[in-house]
Structure formats: structure tokens, C-alpha cells
Amino acid sequence: MIETKGLVKTIGDKMILRGINLSIKKGETVAILGPNGAGKSTVLKILGGLIKASSGEVKVNGLDLKKDSYDVKRKIGFLAHNSFLYDHLTPLENLKFFGKLYGVENVEERAKQLIDEVGLSFFTHDPVRSFSRGMMQRIAIARAIIHQPEILLFDEPHTGLDQQAIKLLNDVILRMRDEGSTILMVTHDFQQAIETCDRFIIIKNGKIVDDLQNVERNIDTITEKYMEQVSGL
Ligand SMILES: Nc1ncnc2c1ncn2[C@@H]1O[C@H](COP(=O)(O)OP(=O)(O)OP(=O)(O)O)[C@@H](O)[C@H]1O
Ligand SMILES: [Mg+2]
């Protein structure tokens, strides 16, 4: 489903990614772990077509990201550090705007359903500029999935969410997994990763240093593997 070969990203004289080779099958749920500044968001942004790699290739469903970027992007739901929402618009207006961009049918109905699903029906008509961080994150999640993407690229999706919203987000992830979506999630929250992901990839200094299956679903196992790699012991 997603294949990368030798992804390198340099900015100025800084080498941010040093050859990332990834192979992710359809329906896999993958957590990307790693310390601050390791290059995790950079990998996700390249896969989502937000920025370009300096060299290497990305294929999604056999399509080349560079050549078929429009078709590839339609398959992807991207949740970044930045919400991409328009401050002066309400949740309904924001979702309708993004829904129309993706050609979503019955967009108003779909937008209202999502607002309901993320628990913000009461705020449907308030501009999002007045929203708390967690409320923004809830709408950003709705925005990312409005076009029912086959691939979810989520960068720290649990950040800022309360317990109820964490459960709600995990339910969304698990439901989309059951429907066959492929999910790549950058996170520092090992507990949430264990609950929703089948595979863990650890990135350090722009390289993949470990790739393991979440067989035991045990936080101590993952933490131990992570510390081994990240502390360089
Ligand atoms: N536009 C940019 N210009 C210069 N350096 C950049 C740029 N974007 C990222 N970097 C650098 O690339 C490295 C990797 O950044 P990235 O955002 O991918 O890290 P990350 O693994 O997502 O970290 P975090 O866990 O803190 O979110 C960092 O050293 C960062 O300073
Ligand atoms: Mg990041």
C-alpha cells in the first residue's frame, strides 16, 4: 500500500532523513515512535505530499507520489500539528469547505454527522477561533476523515484530548481499521499506540532503527525496546 525507497530529506546543510525504506501493507496500523527532532513528522509530511523529499521515492497503491500526486492525495487523511482549520469559520463551515474540496457527496449531512461523532454538536455554529485546544483537535480529526480516506496519516493525534475524546479517537481509528484503512500514526503516547496499532517503527536521527509487531500489547515490552534503541545502549 505504501512503499518508500531511500527517502532522504536535507534542509540547508542539515540531513533530516537519511534513507527511509518503508513497506506498509493495506490495513496495517503502524505507530511511528522516536525522540523529538528524529524526523517523524517529516516522514509523514512527505507521505502526505505536503513537502517533497530531496531524493528517494514514494509509492501509494503502486502510484508514484510525484507523478500522481492528485490521485494519491485524495486517498489520504492527514492530521498534522497544524489543524488547517479556518479560524473565522464554524465547524460546519470548515467541514463543508474541506468536504467540497474532496468532492464529498451529501457534504452537509456528512459534516453534521462528524461534528456529532466528535461530540461538538452544541458548538456547530461557533467560529473555531473560540475553541479550546482539545475542541480544535476534535474538529481537526473530523476534517482529516471527512472524505473517508483509505490511508490515515496522523501526527500526535491524541495530544490535547481529554479521556472521552481519546476513547472517541481510538474508536474512530479502530473502526477505520476494520473498514480496511491503513493507518500511520506518529505518537509519544505508547499506551494509545498499543491499543490501536499492530506494528511499531522507531525512528532516530532520520533512520529507522527498529520495526516490531505489537504482539504482546504490553507497554513495558515496547518501552524497553524503545529505550534500548533511543538511549543507544
Ligand atoms: N522547515 C524546516 N527547516 C529546518 N529544519 C527543519 C524543518 N523542518 C524540520 N526541521 C528539522 O528536522 C528535524 C526533524 O523534525 P521533525 O519535525 O520531523 O521531528 P519529529 O520527529 O516530528 O519531532 P517531534 O517529536 O518533536 O515532533 C528537526 O531537527 C527539525 O529541526
Ligand atoms: Mg513531530
Side-chain angles (χ1 to χ4, degrees), residues 2-24 29-58 60 65-66 69 72-73 76-85 133-134 136-141 143-145 149 151-161 165-166 169-170 173 182-197 199-212 214 219 222-232:
I2 303 174
E3 303 277 338
T4 78
K5 273 199 202 127
L7 275 193
V8 169
K9 178 72 180 174
T10 48
I11 297 182
D13 57 1
K14 220 159 127 191
M15 199 162 185
I16 295 168
L17 300 181
R18 302 162 185 269
I20 300 276
N21 300 308
L22 259 182
S23 177
I24 292 168
T29 46
V30 183
I32 300 183
L33 313 176
N36 294 136
K40 305 179 299 296
S41 296
T42 305
V43 169
L44 229 57
K45 282 185 207 160
I46 291 173
L47 297 181
L50 268 70
I51 60 171
K52 290 198 165 72
S54 307
S55 62
E57 71 174 33
V58 180
V60 177
L65 183 61
K66 274 188 225 145
S69 115
V72 172
K73 279 186 191 166
I76 292 175
F78 198 99
L79 181 73
H81 288 285
N82 168 339
S83 73
F84 301 121
L85 297 168
R133 178 164 177 200
M136 283 292 249
Q137 184 71 345
R138 288 176 184 223
I139 289 297
I141 291 164
R143 184 205 57 76
I145 61 172
I151 299 170
L152 299 184
L153 301 177
F154 277 10
D155 200 347
E156 299 187 38
H158 298 90
T159 305
L161 296 180
I166 285 176
L169 170 61
N170 289 353
I173 292 172
T182 306
I183 299 163
L184 220 67
M185 178 171 97
V186 169
T187 189
H188 294 291
D189 189 332
F190 291 10
Q191 188 56 45
Q192 306 313 328
I194 281 169
E195 285 178 23
T196 51
C197 295
R199 180 176 163 196
F200 288 79
I201 287 172
I202 302 175
I203 295 187
K204 180 184 168 187
N205 292 334
K207 278 195 136 167
I208 295 178
V209 292
D210 212 345
D211 187 339
L212 39 130
N214 181 18
I219 197 159
I222 297 299
T223 309
E224 198 178 310
K225 289 273 184 197
Y226 180 87
M227 293 312 288
E228 257 174 48
Q229 291 299 345
V230 168
S231 60

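Counting starts at 1 for both ligands and their atoms, following the listed order.
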*Asks:* At what distance is the nearest protein heavy atom to atom 22 (O) of ligand 1, and which residue and atom is it?
*Replies:* S41 OG, 2.8 Å
*Asks:* Contact between ligand 1 and H81 is defined here as a heavy atom of the residue under 4.0 Å from a ligand atom; is it met?
*Replies:* yes
*Asks:* Geometry only, no angles: is G39 polar-contacting ligand 1 at N/O separations under 3.5 Å?
*Replies:*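 Yes - when backbone and side-chain N and O of G39 are compared with those of ligand 1, one distance drops under 3.5 Å.
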*Asks:* Which pair of non-hydrogen atoms, one from N214 and one from I194, has the smallest distance, and what is that distance?
*Replies:* ND2-O, 3.0 Å
*Asks:* For atom 15 (O) of ligand 1, what is the closest protein heavy atom, and at what distance to 0.1 Å?
*Replies:*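 Checked against all protein heavy atoms, atom 15 (O) of ligand 1 sits closest to T42 OG1, 3.7 Å.
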*Asks:* Measure the distances from the heavy atoms of G206 to every atom of ligand 1 and state whether one is below 4.0 angstrom.
*Replies:*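 So G206 does not count as touching ligand 1.
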*Asks:* Under a 4.0 Å heavy-atom limit, does I16 contact ligand 1 with its side chain, its backbone, both, or neither?
*Replies:* side chain
*Asks:* Between D210 and K225, does at least one N-O distance fall below 4.0 Å, as a salt bridge requires?
*Replies:*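 Looking at D210 and K225, the cut-off is not met.
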*Asks:* Note the single closest protein heavy atom to atom 30 (C) of ligand 1, along with its residue, its atom name and the distance in Å.
*Replies:*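 Answer, as residue, atom name and distance: K14 NZ, 4.0 Å.
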*Asks:* At the 4.0 Å heavy-atom cut-off, does E156 count as touching ligand 1?
*Replies:*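 The answer is yes, since E156 has a heavy atom less than 4.0 Å from ligand 1.
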*Asks:* How far is atom 14 (C) of ligand 1 from its nearest protein heavy atom, and which residue and atom is that?
*Replies:* G37 O, 3.3 Å
*Asks:* Given K207 and I20, is the side chain to side chain contact (heavy atoms under 4.5 Å, CB included) satisfied, shown in steps?
*Replies:* CA-CA 6 Å; K207 278 195 136 167; I20 300 276; 5.5 Å; no
*Asks:* When you check the side-chain N and O atoms of E156 and T187, is any donor under 3.5 Å from an acceptor?
*Replies:* no
*Asks:* If you take the nearest heavy atom of each of I51, N36, L17, which one is closest to atom 24 (P) of ligand 1?
*Replies:*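 Shortest heavy-atom distance from atom 24 (P) of ligand 1: N36.
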*Asks:* For A38 and ligand 1, does the shortest N/O to N/O distance drop below 3.5 Å?
*Replies:* yes
*Asks:* Check whether more than 12 heavy atoms from other residues, nucleotides or ligands sit under 6.0 Å from atom CD of Q191, and answer yes or no.
*Replies:*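 Counting neighbours around CD of Q191, more than 12 heavy atoms of other residues, nucleotides or ligands fall under 6.0 Å, so yes.
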*Asks:* Ligand 1 and I11, any nitrogen or oxygen pair closer than 3.5 angstrom?
*Replies:*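 No; every N/O pair is 3.5 Å or more apart.
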*Asks:* How close does the nearest protein non-hydrogen atom get to atom 21 (O) of ligand 1, and which residue and atom is it?
*Replies:*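 In this structure, atom 21 (O) of ligand 1 has K40 NZ, 2.7 Å as its nearest protein heavy atom.
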